[in-house]
Amino acid sequence: MQLGESLEDYLESILVLSKCLDHVRSVDVASYLGFSKPSVSHAVKLLAQQGHIHLDDNKFLTLTETGKKIAEETYRRHCFFTEMLENIGVPKDIAQEDACHIEHVISQETFDAIQKYYEEKEAQ
């Protein structure tokens, strides 16, 4: 299911934040992404309606299984492309920004082929 770049970024941010915070709230996501609180609230509502996150009575955000799967795949792509771009000489900040765009638009087949190519090159 294609969520689009923005909603995938929200899921990815919840995943990343959950690794360093005991509880993730919308305000944490807004701060992390640099988005407004109303934008995050709208996205949280959409993601909850679609079954990708759960918002409890304390306003803590947790990923559902489907949300976690999407977030982990998006984050995996992000890390891969950031490292790949840095390895070819792209400055870290630009590599991270570009990776954030690439991770959303590339097909799974192309990503798998690129990843396989780089793994085989590293093994040589």
Side-chain angles (χ1 to χ4, degrees):
M1 176 182 193
Q2 287 286 332
L3 289 179
E5 184 173 335
S6 181
L7 293 178
E8 286 178 353
D9 282 342
Y10 284 107
L11 294 175
E12 182 182 9
S13 69
I14 295 167
L15 175 70
V16 170
L17 289 168
S18 69
K19 294 179 183 208
C20 56
L21 299 174
D22 291 334
H23 304 287
V24 179
R25 293 185 177 198
S26 293
V27 67
D28 302 315
V29 174
S31 177
Y32 180 80
L33 292 174
F35 293 168
S36 70
K37 291 177 191 175
S39 293
V40 174
S41 294
H42 178 70
V44 164
K45 182 179 177 181
L46 286 174
L47 290 167
Q49 288 172 345
Q50 294 174 5
H52 298 301
I53 63 170
H54 176 72
L55 180 64
D56 70 15
D57 293 337
N58 293 315
K59 306 290 186 200
F60 298 145
L61 306 174
T62 54
L63 296 169
T64 63
E65 284 303 313
T66 59
K68 187 174 181 180
K69 183 178 177 183
I70 294 166
E72 287 174 341
E73 180 60 23
T74 303
Y75 186 63
R76 183 172 77 92
R77 289 173 176 223
H78 181 89
C79 292
F80 174 82
F81 284 117
T82 299
E83 182 178 340
M84 184 189 80
L85 293 169
E86 285 182 42
N87 287 342
I88 62 172
V90 178
K92 185 175 184 164
D93 58 330
I94 295 171
Q96 288 177 340
E97 186 176 329
D98 287 348
C100 192
H101 296 295
I102 295 168
E103 71 195 33
H104 301 289
V105 297
I106 194 167
S107 71
Q108 187 64 46
E109 293 79 11
T110 301
F111 175 72
D112 291 342
I114 293 170
Q115 187 175 35
K116 180 181 177 187
Y117 173 82
Y118 274 90
E119 287 171 355
E120 289 173 356
K121 282 296 225 183
E122 288 178 359
Q124 294 178 354

If you draw a 6.0 Å radius around CD in Glu97, do more than 12 non-hydrogen atoms from other residues or ligands fall strictly inside? no
Nearest heavy-atom neighbours spanning Leu85 and Ala99: CD1-N, 4.1 Å
Any heavy-atom pair between the side chains of Lys92 and Gln96 that's under 4.5 Å? yes
Determine which pairs satisfy salt bridge (charged side-chain N to carboxylate O under 4.0 Å, His left out) with at least one residue from residues 74-85, sequence neighbours left out, and list them in order. Glu73-Arg76, Glu73-Arg77
In Å, rounded to the nearest 0.5 Å, how long is the span from OG1 of Thr74 to CD of Glu12? 6.0 Å
Quiz: residues 31-47 side-chain donor-acceptor pairs under 3.5 angstrom, not counting sequence neighbours:
unit_1: Ser36; atom_1: OG; unit_2: Ser39; atom_2: N; d: 3.2
unit_1: Ser36; atom_1: OG; unit_2: Ser39; atom_2: OG; d: 2.9
unit_1: Ser41; atom_1: OG; unit_2: Lys37; atom_2: O; d: 3.1

Side chain to side chain contact (heavy atoms under 4.5 Å, CB included) involving Asp56 - partner list, sequence neighbours excluded: His54, Asn58, Phe60
Examine Leu7 and Val105 and state if one hydrophobic cluster contains both, with Ile, Leu, Val, Met, Phe, Trp and Tyr joined whenever side-chain heavy atoms are less than 4.5 Å apart. no
List, one per line, each side-chain donor-acceptor pair under 3.5 Å for residues 13-29, sequence neighbours excluded.
unit_1: Ser13; atom_1: OG; unit_2: Asp9; atom_2: O; d: 3.4
unit_1: Ser13; atom_1: OG; unit_2: Tyr10; atom_2: O; d: 2.7
unit_1: Ser18; atom_1: OG; unit_2: Ile14; atom_2: O; d: 3.3
unit_1: Ser18; atom_1: OG; unit_2: Leu15; atom_2: O; d: 2.7
unit_1: Asp28; atom_1: OD2; unit_2: Arg25; atom_2: N; d: 2.8

If I take atom NZ from residue Lys116 and atom CG from residue Asp112, how far apart are they, to the nearest 0.5 angstrom? 10.0 Å
Can you list everything that forms a side chain to side chain donor-acceptor pair (under 3.5 Å) with Glu103? Sequence neighbours excluded, please. His78
Might you confirm whether atom CD of Gln108 has over 12 heavy atoms from other residues, nucleotides or ligands at distances under 6.0 Å? yes
Apply side chain to side chain donor-acceptor pair (under 3.5 Å) to Asp98 and list each qualifying residue two or more places apart in sequence or on a separate chain. none
Straight-line distance of Thr62 OG1 to Lys68 NZ, nearest 0.5 Å: 10.5 Å
Spacing of CD1 belonging to Ile53 relative to OG1 belonging to Thr66, to within rounding of 0.5 Å: 10.5 Å
What verdict does the side-chain contact (heavy atoms from CB on, under 4.5 Å) test give for Ile114 and Met84, after you've listed the backbone C-alpha separation in whole Å, the side-chain angles of each residue and the deciding distance to 0.1 Å? CA-CA 10 Å; Ile114 293 170; Met84 184 189 80; 4.1 Å; yes
Which atom of Ile70 lies closest to which atom of His52, heavy atoms considered: CD1-CE1, 3.6 Å
Min side-chain heavy-atom separation Phe81-Ile106 under 4.5 Å: yes
